[in-house]
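Position 1 is the first residue of the sequence, and the numbers go up from there. In this text, all values refer to a predicted model and were calculated from it rather than measured experimentally.
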Amino acid sequence: MKNETLQKQAQNNSRSHFGSSPYLEKAVSDPVTNSMDSHNKLSLQAFGDKTKMHALLKILPELDYEELQG
C-alpha cells in the first residue's frame, strides 16, 4: 500500500491504534473503487465490441493453457 499518511501512522503507532486510523477506510476503498471502474469499462468494451471479444478469446486460451501447465 503506497499511502504516506498510513506509512507514517504505522511507523508511529501500535498495531491496534493503526487499525483504528480514520484514513484506513479511504485508503482501501479508493483503490477498490478504481479497480471496479476499470473492470467495468473493460467488460463493457469486451461485450460491446465483437472484434475485441474475439481478440480476447484468441489470446486468453494461450495464457490460460500456459498457466495451467505450471
Side-chain angles (χ1 to χ4, degrees):
M1 181 180 298
K2 295 183 180 183
N3 182 302
E4 285 185 37
T5 301
L6 289 179
Q7 286 176 340
K8 288 177 185 175
Q9 287 182 348
Q11 293 168 357
N12 296 313
N13 293 291
S14 68
R15 186 180 304 264
S16 62
H17 285 134
F18 177 75
S20 62
S21 169
Y23 300 100
L24 191 57
E25 183 177 349
K26 183 165 176 51
V28 172
S29 64
D30 284 353
V32 170
T33 301
N34 291 340
S35 176
M36 287 174 44
D37 291 342
S38 296
H39 286 250
N40 188 40
K41 288 175 187 175
L42 288 172
S43 298
L44 290 174
Q45 287 180 23
F47 289 122
D49 185 335
K50 289 183 181 183
T51 303
K52 290 179 183 176
M53 179 58 88
H54 289 299
L56 283 172
L57 290 172
K58 186 175 181 180
I59 294 168
L60 291 176
E62 292 295 324
L63 296 173
D64 288 341
Y65 183 81
E66 293 297 323
E67 182 70 26
L68 293 170
Q69 289 290 313

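- At distances below 3.5 Å, not a single donor-acceptor pair connects side-chain atoms of S35 with backbone N or O atoms of P31.
- Checking S14 against H17 by side-chain atom types alone, a donor-acceptor pair falls below 3.5 Å.
- The distance from the CG atom of L63 to the CG atom of L68 is 10.5 Å, given to the nearest 0.5 Å.
- Between the CD1 atom of I59 and the CG atom of D64 there is a distance of 11.5 Å, given to the nearest 0.5 Å.
- Of the inter-residue distances, the one linking L57 atom CG with E62 atom CD reads 12.5 Å to the nearest 0.5 angstrom.
- Rounded to the nearest 0.5 Å, atoms NZ (K26) and OG1 (T5) are 11.0 Å apart.
- Side-chain contact between N40 and M36: absent, with no pair of heavy atoms (C-beta onward) separated by less than 4.5 Å.
- Using a 4.5 Å heavy-atom cutoff, the side chains of Q9 and L6 are in contact.
- Of the inter-residue distances, the one linking E4 atom CD with Y23 atom OH reads 13.0 Å to the nearest 0.5 angstrom.
- In this structure, the separation between CG on D37 and CG on L42 is 11.0 Å, given to the nearest 0.5 Å.
- The two atoms that bring P61 and L56 nearest to each other are CD-O, 4.0 Å, heavy atoms only.
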